[in-house]
Amino acid sequence: MEPKIKSKRWNSELENSISEEWKKSWPYGFDEKSKKPVYSIDTPPPYVNTPVHIGQATTYVLMDMFARFRRMTGSNVLFPLGLDRNGLPIEMAAEKKSGKKLTEMPRKEAITLCHKILEESSLASVDSFRKLGISFNSWKKGKGIGELYETDSPDYRSLTQETFIDMLKKGLIYEDARVNNFCPGCQTTLADAEVNYENRAGFFYNVRFRVKETGEDIIIATTRPELLCTIGMVIFNPSDKKYRHLEGKTAVAPLFEKEIPIKSHPSAEMDKGTGIMMVCSFGDLADIRFFREEKLEPVVAINKDGTMNKHAGFLEGLTVSDARKKMAEELEKSDLIVEKIPTSEHRTPICERSKDAIEFIDMPEFYVKQVEFKADMKKHAKKMKFFAPKSRQIMLDWIDSVSIDWPISRRRFYATEVPLWYCRKCEQKIVPPKGGYYQPWKEEPPKGSDGLKGGKCEKCGSSDFRGEERVFDTWFDSSISPLYILKYHKEPKGFFEKNSPCSLRPQGKEIIRTWLYYTVLKDWLLTGKVIFDDVWINYHILDEKGKKMSKSLGNVIDPQKVLKMFGAEPFRLWAAIEGNLEKTDFRCSFERIQGAGKTLTKLWNVSRFISMFPQPKSRPGKLTPLDEWIISEVDGIVNDAKKSYERYDFHNPVARIKNFIWETFASHYMELVKQRAYNEEGKFAKEEAESARYALHHVLDRLMRVLAPVLPFLTHSVYGDLRRKDVHAEAFPEPDEKLLKKKCDFSAEDLMTANSAIWKAKKDKGLSLREGINSAKLPKKLKSIEKDMKATHGIKELKYGSKLAIKI
RNA sequence: GGGCGAUUAACUCAGCGGCUAGAGUGCUUCCCUUACAAGGAAGAAGUCGGCGGUUCAAAUCCGUCAUCGCCUACCA
């Protein structure tokens, strides 16, 4: 008998030919006319200027498994690909490439440089996605449902602006000048979510102050001596006896001779530093809060370029870090520093993008209200189903730590423009109508804007307008991705109404506080809905040594390299089996991806073996007990896999399926059924052979379908060769309930133990596995498969007892 | 400082109240048996981080300590 499948192993060239086939007619487009329920996946748009690395590729592969599985269970899957092209990362790349600061050139020029970066940005990521077999709805850019979208397209940006106009009118957005995180390098205000902390080396300076009334010295520790000129108060803990006599007295700041009140305050801890501290405006966010609560007048001594201003006296013009050094020197000269203790533990807030130290500067910015919605947000976080459930806590913790509203305006260039104009004469605000894409820095306000009357300022009649120059935080854009893909702006009462909330948000744990949090907040404020049903949070793929992949460490693995070395299928199988990305990080190892390839070879050859036998047209009237057993085994596994897949767990079921293929099926069932399936010597009845062939094909069929989401190429190839159908268009298999409930006489373990004992006995005697044995005693439960046991092992006399015994 | 997670075979990981604790890789011995030598068969290998406790029963639950990660915070 000749197998229908010719080659002896799976190879990645077969992937290429299937890719070519799919290129000609892409089978995964979104069908708007379909009556099936929509299952929507809000995929994370990767940045285009750097290609995705293997860790990200792993997450998209897993998302693809979710999508493919849902298609097989009767959903119309919305699985669009988006590309992120807005914001600081693009501007940073442009600055690096040109060697110039964008903030120091005309805006048009800066934008031209960004466009250049975007044009040159390779589409390596998109190519990787294609080769990995990811079934996004479309690879074509467009505005249609499911088409590839870009976050800087006029269509996307107009939705971003529309949401701003809406929220502004609803009073959910306001403008205010308050002290906030400011990055001197990027020259813009930042939200808390964009600030990271790093331990940086520095010093504790123990500085000598004088008490005006008593003339005594007090020693105050600080890491920011350059802020001495902004000191607002000196405080000590109310229960600290050492300083109690100073209550209400006046401290004199050294060098500046500034007089400030000394008070007791619970936020001063007795065992920190010297137990008495100075509060300056502003070393950190806590200082801001303190000044606000104590109604102190802050002195802002730092300019927005990160240099000291006139309030800093002799430090004026110096950068913050130079000023710190200079101040320390001056204090030392005057013998005002008692001690200087080096520390590597000084926690410094830094800009997530540029890594510059954050300063606190007041600027007028737009804010989205969020503090007053903390309780609502916690309710929403509890409503969404998190996979894994423990990931919910990350979001709850973050909500707890929110203390100020969300500043959304940025003083940068390549991002969505804040769509506003102002009358130059009377500062009347001009708000354009929803639906357009506006660039106020280079356009006049459009007709129909609020605040205009006949093209003139409604209030003063002037026609001289100033366009807003600020842009939005990129998260203000990103947080509407589910609205965009569900066509909120095009069909709020149609497609959106019908198909929201979005079924699934898959994303990394590190952007829970940004992407997930902001999306849930903003989309709820706009639509009144909790925008996601399910949230799948992935952990990270680490490098071979267990280190996080990052460009700076130089340990980034390109998926193209993996594709070239092994192809998509071993990588996909590895991604499913290696670890549980919902719960923990795991490592990327080429050795282990290659190892996954062995299972492909096994599965391929199992298929090849089965392909030798014709598939019976219908189910034989009677199946042998062995065949009934294997069918109930595979059906049970498929049934459990379905339940796990629904919970986004591919790891456990696929590992189990892999084990089933190698052990239960290939090593034991196939060995036992071979002779009967061949039936070349006519030892078995025709019906018995038919039963074997039916069971073999049944198992193959189930394996192909249950693995189709994981191994789209291999299953497509095998199923296509043997069934002439596309496995991806098949339904996910339902078990044979009758067989599943029927109890077999024996278990898989009984069978394996018996086989192993016989093989071991032969081996111990130095016999080949093909040689026969005279007698064997097997457990009674195996009696129903006597014929198969005899034929497989060549047993002449078979007896039964409670114990297993082999005689040769 | 607070929180979360991890610690299981040489390595990478499953298992998370109940039969002698599993898998892959690696290792040892034998075998080209007509699906597969990128294979097959057999095998060695673990006081499940330490210490206490709950239970008839503990990798599994509780407490505590240690080490390593991550998140979070007003450590002057």
Side-chain angles (χ1 to χ4, degrees), chain A residues 1 3 5 7-11 196-197 204-207 220-224 234-236 267-269 271-280 282-290 343 345-347 388 390-391 393-398 400-401 403 509-510 512-513 539-540 542 544 546-548 570 574 577-580 583-589 591-592 594-613 651-652 655-656 658-659 662-663 666-667 670-671 674 677-678 680 696 749 755-764 766-771:
Chain A
M1 287 190 217
I5 295 170
S7 69
K8 280 196 174 185
R9 60 181 55 104
W10 172 256
N11 68 72
N196 286 336
Y197 289 85
F204 285 131
Y205 299 94
N206 283 353
V207 181
I220 292 178
T222 178
T223 55
R224 302 283 310 258
V234 169
I235 58 171
F236 62 89
S267 70
E269 288 176 46
D271 52 355
K272 294 261 169 73
T274 56
I276 190 161
M277 68 180 283
M278 64 175 194
V279 188
C280 295
F282 295 101
D284 54 39
L285 289 172
D287 296 340
I288 296 170
R289 223 167 297 153
F290 188 92
T343 165
E345 286 294 290
H346 187 234
R347 233 176 93 91
K390 72 169 186 185
S391 298
Q393 198 55 42
I394 303 177
M395 183 165 180
L396 289 171
D397 288 349
W398 174 252
D400 272 333
S401 74
S403 64
K509 66 171 174 179
E510 77 287 359
I512 289 177
R513 66 178 188 171
Y539 280 59
H540 294 296
L542 309 171
E544 208 128 357
K547 283 250 154 51
K548 203 167 161 178
W574 169 85
I577 287 185
E578 182 69 14
N580 192 345
K583 286 189 183 164
T584 179
D585 298 341
F586 61 86
R587 302 177 188 195
C588 175
S589 141
E591 200 186 346
R592 303 170 62 72
Q594 192 174 22
K598 286 191 182 182
T599 298
L600 298 181
T601 306
K602 194 74 185 177
L603 181 58
W604 184 255
N605 278 295
V606 163
S607 310
R608 190 161 168 263
F609 170 74
I610 298 172
S611 80
M612 276 194 290
F613 308 105
H651 171 257
N652 287 301
R656 199 169 149 213
K658 175 186 160 188
N659 188 261
W662 284 90
E663 297 299 327
S667 293
M670 273 170 58
E671 288 306 325
K674 254 181 203 174
Y678 282 124
E680 277 169 335
L696 285 169
E749 208 188 337
N755 282 334
S756 287
I758 295 166
W759 285 325
K760 186 168 162 35
K762 287 186 179 177
K763 192 180 149 67
D764 288 347
L767 295 176
S768 133
L769 296 182
R770 310 202 68 204
E771 283 180 76

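Below, read A as the first sequence line, B as the second, and so on, with proteins coming before strands; counting in each chain starts at 1.
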Enquirer: Would one find a side-chain N or O of A:Arg656 under 4.0 angstrom from OP1 or OP2 of B:A23?
Expert: no
Enquirer: With a 4.0 Å cut-off on heavy atoms, is A:Ala268 in touch with a base, just the backbone sugar-phosphate, or nothing at all?
Expert: base
Enquirer: Name the nucleic acid region contacted by A:Arg513, choosing base, sugar-phosphate or nothing; use a 4.0 angstrom heavy-atom cut-off, strictly under.
Expert: sugar-phosphate
Enquirer: Please give, in whole Å, the distance from B:C71 C1' to A:Trp398 CH2?
Expert: 11 Å
Enquirer: Is the base of B:A59 syn or anti, if syn means a glycosidic angle within 90° of 0?
Expert: syn
Enquirer: Counting any heavy atom closer than 4.0 Å, what does A:Glu591 reach on the DNA or RNA strands: base, sugar-phosphate only, or nothing?
Expert: sugar-phosphate
Enquirer: Is there a donor and acceptor pair closer than 3.5 Å between the side chain of A:Lys602 and the base of B:C36?
Expert: yes
Enquirer: Sequence neighbours left out, what passes ring pair (Phe, Tyr, Trp, His ring centres under 6.0 Å) with A:Phe586? Give chain and number order.
Expert: A:Trp574
Enquirer: Once you apply a heavy-atom cut-off of 4.0 Å, does A:Ser589 come out as touching a base, just sugar-phosphate, or nothing?
Expert: nothing
Enquirer: Hey, is the side chain of A:Ser756 poking within less than 4.0 Å of OP1 or OP2 on B:A42, counting only N and O atoms?
Expert: yes
Enquirer: So, for A:Trp662 and A:Ser667, which heavy atoms are closest and what is the spacing to 0.1 Å?
Expert: O-OG, 3.0 Å
Enquirer: Reckon A:Phe290 touches a base, only the sugar-phosphate, or nothing at all at heavy-atom distances under 4.0 Å?
Expert: nothing
Enquirer: For the residue pair A:Lys602 and A:Lys658, establish whether any side-chain heavy-atom pair is separated by less than 4.5 Å.
Expert: no
Enquirer: Identify which nucleotide among B:A76, B:C36, B:G24 has an atom closest to any side-chain atom of A:Lys658, counting heavy atoms from C-beta outward.
Expert: B:G24
Enquirer: If you find the nucleotide of RNA chain B closest to A:Asp287 and the one closest to A:Asn755, which residue's nucleotide is nearer the 5' end?
Expert: A:Asn755
Enquirer: Kindly point out which of B:A37, B:G43, B:A73 is positioned nearest to the side chain of A:Lys760?
Expert: B:G43
Enquirer: For B:U33 and A:Lys674 - does any side-chain N or O of the residue sit under 4.0 Å from the phosphate oxygens OP1/OP2?
Expert: no
Enquirer: Is there a side-chain contact (heavy atoms from CB on, under 4.5 Å) between A:Leu696 and A:Phe613 once you walk through the steps?
Expert: CA-CA 9 Å; A:Leu696 285 169; A:Phe613 308 105; 4.0 Å; yes
Enquirer: Which pair of heavy atoms, one from A:Ser611 and one from A:Arg608, lies closest together, and at what distance?
Expert: OG-O, 2.7 Å
Enquirer: Just N and O in the side chain of A:Lys598: are any of them under 4.0 Å from OP1 or OP2 of B:G39?
Expert: yes
Enquirer: So which atom in A:Ser391 and which in A:Tyr539 form the shortest heavy-atom distance, rounded to 0.1 Å?
Expert: OG-CE1, 4.3 Å
Enquirer: Looking for any heavy atom pair under 4.0 Å, which part of the strands does A:Met670 touch: base, sugar-phosphate only, or nothing?
Expert: base
Enquirer: I need the CD-P distance between A:Gln594 and B:A38, as an integer number of Å.
Expert: 11 Å
Enquirer: Rounded to whole angstrom units, what separation is found between the CE atom of A:Met395 and the P atom of B:U72?
Expert: 14 Å
Enquirer: Would you say that A:Trp10 contacts A:Leu603 through its side chain, given a criterion of any heavy-atom pair below 4.5 Å between the two side chains?
Expert: no
Enquirer: Base, sugar-phosphate alone, or nothing: which one does A:Trp662 contact when heavy atoms must sit under 4.0 Å apart?
Expert: sugar-phosphate
Enquirer: Pull out every protein N or O sitting under 3.5 Å from an N or O of nucleotides 5-14 of chain B, one pair per line with the distance.
Expert:
| from | atom 1 | to | atom 2 | distance (Å) |
| --- | --- | --- | --- | --- |
| B:U12 | OP1 | A:Arg587 | NH1 | 3.3 |
| B:U12 | O2' | A:Glu578 | OE2 | 3.1 |
| B:U12 | O2 | A:Arg592 | NH2 | 3.3 |
| B:C13 | O2' | A:Glu578 | O | 3.4 |

Enquirer: Look at all strands and tell whether A:Glu680 reaches a base, only sugar-phosphate, or nothing, counting heavy atoms closer than 4.0 Å.
Expert: nothing
Enquirer: Report the secondary structure of RNA chain B in dot-bracket form, marking unpaired bases with a dot and bases paired to a different strand with |, and treating Watson-Crick or G-U pairs with both distances under 3.5 Å as paired.
Expert: ((((((((.[[[[.)..(...]]]].(((((.......))))).....[[[[[..)....]]]]])))))))....
Enquirer: For A:Lys8 and B:C36, is the shortest distance between a side-chain N/O and OP1 or OP2 below 4.0 Å?
Expert: yes
Enquirer: Rounded to whole angstroms, how far apart are NZ on A:Lys762 and P on B:U33?
Expert: 15 Å
